[in-house]
Amino acid sequence: MKLKRIVVVGGSIAALTAVETLRLEGFDGSITVLSDEKVPPYTRVPLSKSVLAGLESEDDLTLPAMSDDVDLRLHVRAEGLDVHRRVVHTSAGSIPFDGLVIATGARARTVGHRRGGERVLRDIEHSRSLRADLATASSVLVVGGGFLGMETASTCRQLGKDVTVVDREPPLERLLGPLLAARIRDAARKAGVRIRVAAGDVELVGEKRPSGARIADDEVLEADIVVSAVGDLPNIEWLLGSGLSLNGGVHVDAYCRARPNIVAAGDVAVQAGPDGLSRRTPSWTNAVEQARAAAQALLRAENAAPYRPSHYYWTEQFGLDVKMVGPPGSNGTPTISEGSLDRPPALLEWRTSGTAYRVVALNHAIRAAQLKRLVPAHHSRSVDVDNIVIVR
């Protein structure tokens, strides 16, 4: 069946990349993009860093505009999907399609507060609100010690705030391994950040909004502002009852297909790995790479190449720039192939059978493409992943 009408649901980088790829691949039919946000697609990467710090404006986040032959509909919420009639039901009516790209991304997970009002950092509105609150606050408690939590802590400390990070495990340990995570935690402490590891669950306390967190032995960590940075949840509610497999996200095959003529990409997609476990991979690079593969598969089916993620990630915090290729994880001890971990730049390699399966550059000028070439593709996919969201 020749596709004439493609609908892309989502205003994310995955959605934009899918649109660009469809046109580059020669699709000349109609493309309709539905986004529930009020602004055109933008990058979320600087929200916890330069934008929160006031070094970049929100205008600097805007991604290149889609071409005039793309129908971008903002503030339109997808509310349902009829896969048999090939119709997307939205807050502005029903829209038919021949091909569908699901790129609705994910939203911030919350810890849970009896009155709601948790501060999270996921979109422009969150960043704008948090930046305004920081103007009159002197202390910040960040709940969650992953990339986003530690980036937020770094920015808040840069702004001169008193900062505490609390998590149920040492921050960044599962993501970067004990050696590198300890190096970054040391930089955080030297910058003045207090790090607390809770023995059990963290409970938010406060009246209208969270004003602290209760950890073991009824100890309460208090702050003017509490920010929850505890992961995300895929935006799949609008797909309930559609018949698509939705356990923890939209399940797709090796070609990013949820079913014929329907593909999914980015934070919303779940794909089986070589070990048989299904995972979401919520990262900027994965969203871009997977969207390209999904768009090609929508047009060429199995004549397209199956999706092979590069597993490239990066973060900037406490004066350290970290670029990584290969599955995140804490297994094994790295070899420092260049420089020094104590006085970077440094290049760290985790090896098996003499071949690198994970490489990390710390304050190193190496380009992403060069870093990726250090890890053979089959090795980057064959090591257990212990921080990517696994769906069981």
Please name the residue in the list V263, L244, V9 that meets the side-chain contact (heavy atoms from CB on, under 4.5 Å) test with I102. L244

Is NZ or CZ of K372 both nearer than 6.0 Å to the six-membered ring centre of Y312 and within 45° of the ring axis? yes

D267 and salt bridge (charged side-chain N to carboxylate O under 4.0 Å, His left out): which partner among R279, R280, R122? R122

Determine whether a donor-acceptor pair (N or O, by modelled atom type, separation under 3.5 Å) exists between the side chain of R209 and the backbone of G117. yes

Do any N or O atoms from the side chain of D60 and from the backbone of S57 form a donor-acceptor pair under 3.5 angstrom? yes

Side chains of T315 and Q317: do they bring a donor and an acceptor to under 3.5 Å? yes

Does T17 offer a backbone N or O that forms a donor-acceptor pair with the side chain of T21 under 3.5 Å? yes

Whether the side chain of S242 engages the backbone of L239 through a donor-acceptor N/O pair (distance < 3.5 Å, no angle test) should be reported. yes

Has the side chain of T285 got a donor or acceptor atom that lies under 3.5 Å from a matching backbone atom of Y313? no

Determine whether a donor-acceptor pair (N or O, by modelled atom type, separation under 3.5 Å) exists between the side chain of N235 and the backbone of T104. yes

Side chains of S340 and D342: do they bring a donor and an acceptor to under 3.5 Å? no

Do R189 side-chain atoms and I195 backbone N/O form a donor-acceptor pair below 3.5 Å? no

If we only count heavy atoms from C-beta on, is the V143 to V230 side-chain gap below 4.5 Å? yes

Can you tell which of L347, L362, L348 makes a side-chain contact (heavy atoms from CB on, under 4.5 Å) with E338? L347

